[in-house]
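Index from 1, following the sequence. Worth knowing before you read on, the calculation uses all heavy atoms, side chains too, and leaves out hydrogens, waters and symmetry mates. These numbers come from a predicted model, not from an experiment.
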Amino acid sequence: MDISIFGLGYVGCVTAGCLARHGHRVTGVDINEAKVKMIESGIPTIVEKDIIKLISSGVSSGQIYATTDAGEAVKRSDVSIICVGTPSDREGHLDLSGIFQTAHEIGDALKSKETFHTVLIRSTVPPGTNEKTGKIIEEVSGKARNADFAIVSNPEFLREGTAVSDFMNPPYTVAGSDSGSGIEICRSVYAGIDAPFEVVSTGAAEMIKYINNAYHALKITFANEVGEICKSIGIDSLELMQLFIRETHLNTSGAYLMPGFAYGGSCLPKDLLALRTLAHDSYLETPVIASIDKSNKNHIDFALKMILEKGLINVGILGLSFKPGTDDLRNSPMVTFAEQLTGKGYKVRIYDGNINASRLLGANREYISNHLPHFVSLLQNDISDVIRMSDLIVISHRHKKFLEALLSNPEKEFIDLAGVIQGEKPANYEGLCW
Ligand SMILES: NC(=O)c1ccc[n+]([C@@H]2O[C@H](COP(=O)([O-])OP(=O)(O)OC[C@H]3O[C@@H](n4cnc5c(N)ncnc54)[C@H](O)[C@@H]3O)[C@@H](O)[C@H]2O)c1
């Protein structure tokens with residue numbers, strides 16, 4: 001394919017070299033003349049393993065060409081890949097001027113281009129950039145989006161230091177667009193790459209890099225805080241974390257990574273507090289570990305705000321224990337939730353098939369007596385009584401019975417904290433984070 005690449009920095013240079021290796025004809029564009037001259041001479045603009053060979057052989061075989069002329073590059077190609085920089089400004093906002101300037105240049109060149117053109121946004125950009133880039137191209141070119149050109153959000157996952165290998169072996173190739181043709185053309189660009197091709201919504205394609213990088217940074221800082229605590233009490237953190245990562249069921253897996261309701265129970269809150277205290281006793285700050293509990297509390301408030309905004313006084317709660325399949329109410333976020341609602345004058349009714357008030361014992365009974373003294377009068381034995389007496393029903397456990405209640409009561413409002421329904425949602429439904 002004939003491909004133009006806007007921006008010949010880290011991502012653009014690697015993309016040019018790798019796509020030429022896969023047989024494409026590449027025209028690189030940059031506003032920096034020095035970078036263009038380097039590529040023209042077969043010299044990469046970055047220092048990276050294997051890149052010298054890719055760029056020099058691409059240029060000598062005639063597959064890589066470089067120019068400062070954006071119009072020429074668009075005319076020489078069917079696909080333009082935007083790899084320009086997106087630096088942060090002082091306040092942390094991204095400076096997207098490079099993206100929008102490129103959109104102007106592409107739009108200008110498309111005025112006189114008759115064939116369909118596909119634009120892949122490879123730079124890391126916030127949600128809405130795909131839409132805005134399309135609008136600029138449409139306005140400048142006078143052409144119609146999806147009829148004359150398409151925009152595909154197609155993020156890059158390479159890491160500096162292993163960039164060529166990462167480009168050639170990505171975890172997946174991601175594409176998000178409102179154009180089916182754009183998606184198929186994007187698929188052809190990466191046909192030489194042996195990785196799953198994931199077609200997702202444009203928003204998900206735009207967000208994934210931010211989520212990946214935030215999570216990677218979280219992992220690094222978490223591990224470093226563990227290291228600081230260990231060092232202060234004479235434990236080898238490398239041995240400890242080697243042990244930690246060998247647990248692949250909950251520790252290094254997809255477990256706990258789906259948005260849902262707050263955590264609770266007898267272990268997580270207690271052990272987190274113990275770890276914070278260990279750090280504190282060693283005069284360590286550990287802000288990541290220290291803020292986990294605050295984040296969890298904020299999430300309960302986030303859910304509560306959704307309920308309050310509905311303005312419905314009769315609220316039913318389906319599921320009170322801290323997770324399904326247990327009657328453990330200790331530190332259940334749903335108890336906090338019910339406590340706050342009753343405190344605000346809401347009429348709360350609760351159903352939880354695992355809870356029998358007369359059988360609650362020991363610390364469990366003590367916890368509920370302290371936090372929800374009128375608990376017995378709120379608990380109903382029959383789910384249908386809760387539904388009948390409530391205008392708004394909050395589902396906190398993933399349970400078939402609760403899904404059935406949602407589907408068979410279209411006149412009632414439902415808020416789902418647990419993700420009981422996949423696919424299309426009924427009109428009386430609102431999910432917590434989806
Ligand atoms: N560096 C990485 O490891 C990496 C990995 C994945 C994604 N990204 C993302 O990719 C994008 C590019 O990153 P980078 O590290 O390659 O940046 P970079 O600064 O190395 O290169 C950007 C290039 O774009 C050029 N440019 C700016 N405006 C232009 C325009 N209007 N027309 C043509 N060229 C223009 C600049 O001159 C520069 O050469 C960023 O959004 C970045 O967040 C970077």
Side-chain angles (χ1 to χ4, degrees), residues 127-128 201 203-204 207 210-211 214 256-265 268-269 291-324 329 331-353 355 368 371-372 374-375 378-380 383-434:
S201 65
M207 274 293 266
Y210 293 116
I211 305 313
Y256 300 139
L257 282 173
M258 286 303 130
F261 197 40
Y263 67 75
L268 263 59
S291 60
I292 295 172
D293 179 55
K294 182 171 187 311
S295 170
N296 200 50
K297 287 191 172 119
N298 281 357
H299 199 53
I300 298 175
D301 290 345
F302 178 80
L304 197 64
K305 194 163 165 255
M306 274 177 74
I307 311 291
L308 302 184
E309 278 171 1
K310 294 276 178 192
L312 297 167
I313 293 296
N314 292 303
V315 178
I317 290 178
L318 304 184
L320 188 69
S321 58
F322 86 96
K323 66 177 178 183
L329 298 170
N331 291 309
S332 167
M334 286 315 291
V335 173
T336 312
F337 205 74
E339 188 185 0
Q340 297 209 24
L341 283 175
T342 47
K344 288 180 191 304
Y346 281 69
K347 301 248 174 302
V348 174
R349 277 91 182 187
I350 300 167
Y351 173 80
D352 189 321
I355 295 173
I368 198 69
H371 288 82
L372 212 54
H374 309 299
F375 161 69
L378 308 180
L379 193 67
Q380 306 293 320
I383 186 172
S384 57
D385 289 334
V386 173
I387 307 287
R388 183 174 46 76
M389 291 188 275
S390 311
D391 300 311
L392 173 64
I393 293 124
V394 183
I395 300 177
S396 84
H397 292 166
R398 209 178 283 185
H399 198 298
K400 199 166 156 252
K401 210 170 181 178
F402 299 167
L403 174 61
E404 282 163 11
L406 161 67
L407 298 177
S408 53
N409 291 282
E411 74 290 2
K412 307 276 181 177
E413 294 277 320
F414 279 80
I415 287 186
D416 179 12
L417 310 182
V420 289
I421 192 164
Q422 311 292 322
E424 207 164 309
K425 316 286 191 294
N428 59 333
Y429 172 96
E430 188 172 350
L432 177 62
C433 302
W434 48 90

* **Residue pair Phe302 / Cys433: nearest heavy atoms and the distance that separates them** => CE2-SG, 4.4 Å
* Report yes if some heavy atom in the side chain of Leu407 is under 4.5 Å from a heavy atom in the side chain of Ile421; otherwise report no. => yes
* To do: Check whether any side-chain N or O of His371 sits under 3.5 Å from a backbone N or O of Ala338 as a donor-acceptor pair, and report yes or no.
  => no
* Give me the one residue out of Ile415, Asn428, Ile387, Val315 that meets side-chain contact (heavy atoms from CB on, under 4.5 Å) with Ile393. => Ile387
* Asked: Does atom NZ of Lys425 have more than 12 heavy-atom neighbours, drawn from other residues, nucleotides or ligands, at distances under 6.0 Å?
  -> yes
* Distance from Ile292 atom CD1 to Tyr263 atom OH, nearest 0.5 Å? -> 6.5 Å
* Asked: What distance do Lys323 atom NZ and Arg398 atom CZ have between them, rounded to the nearest 0.5 Å?
  -> 14.0 Å
* Using atom types as modelled and distance alone, determine if a side-chain donor or acceptor of Ser396 lies under 3.5 Å from a backbone N or O of Gly319. => yes
* Asked: What pair of heavy atoms forms the shortest contact from Phe261 to Ala303, and how long is it?
  -> CE1-CB, 3.6 Å
* **Shortest non-hydrogen separation from Gly260 to Trp434 and the atoms involved** => CA-CZ3, 4.1 Å
* To do: Calculate, to the nearest 0.5 Å, the distance between atoms OG and CD1 belonging to Ser332 and Ile355 respectively.
  => 7.5 Å
* Under a 4.5 Å cut-off applied to non-hydrogen side-chain atoms, are Ile350 and Met334 in contact? -> no
* Asked: Would a 4.5 Å heavy-atom cut-off, applied to side chains only, mark Phe322 and Leu268 as touching?
  -> no
* To do: Write down the atom of Val394, the atom of Phe337, and the distance for their closest heavy-atom approach.
  => CG1-CE2, 4.1 Å
* Structure fact -> From the list Leu403, Leu406, Leu432, side-chain contact (heavy atoms from CB on, under 4.5 Å) partner of Ile395 resolves to Leu406
* Asked: Is it the case that more than 12 heavy atoms not belonging to Met306 sit under 6.0 Å from its CE atom?
  -> yes
* N-O pairing of Asp293 and Lys297 below 4.0 Å -> yes
* **CA sep, side-chain torsions, deciding dist, call: Ile307, Leu312, side chain to side chain contact (heavy atoms under 4.5 Å, CB included)** => CA-CA 8 Å; Ile307 311 291; Leu312 297 167; over 6 Å; no
* Expected output: side-chain His397 to main-chain Ser321 donor-acceptor under 3.5 Å -> yes
* Specify the closest pair of heavy atoms between Lys347 and Arg349, including all atoms of both residues, with the distance to one decimal. => CB-NH1, 3.6 Å
* Asked: With a 4.5 Å limit on heavy-atom distance, are the side chains of Lys401 and Ile383 in contact?
  -> yes
* Would His374 and Thr342 satisfy side chain to side chain contact (heavy atoms under 4.5 Å, CB included), going step by step from the backbone distance to the final call? -> CA-CA 10 Å; His374 309 299; Thr342 47; over 6 Å; no
* Asked: Is any side-chain heavy atom of Pro269 closer than 4.5 Å to a side-chain heavy atom of Asn296?
  -> no
* Applying side-chain hydrogen bond (donor to acceptor under 3.5 Å, both in side chains), which residue pairs with at least one partner in residues 383-393 are found, sequence neighbours left out? -> Asn314-Asp391, Asp382-Ser384, Asp385-Arg388
* Could you check Tyr351 against Phe402 for side chain to side chain contact (heavy atoms under 4.5 Å, CB included), going step by step and ending with a plain yes or no? => CA-CA 10 Å; Tyr351 173 80; Phe402 299 167; 3.8 Å; yes
* **Sub-4.5 Å side-chain heavy-atom contact between Val420 and Phe414** => no
* To do: To the nearest 0.5 angstrom, please state how far the CG atom of Leu329 sits from the CG atom of Leu372.
  => 9.0 Å
* To do: Sequence neighbours left out, what pairs pass side-chain hydrogen bond (donor to acceptor under 3.5 Å, both in side chains) with at least one residue falling in residues 406-418?
  => Lys310-Glu413, Asp416-Tyr429
* Asked: Under 3.5 Å, is there a donor-acceptor pair between the side chain of Ser291 and the main chain of Lys294?
  -> no
* To do: Considering non-hydrogen atoms only, spot the tightest contact between Ile313 and Tyr346 and give its length.
  => O-CD2, 3.5 Å
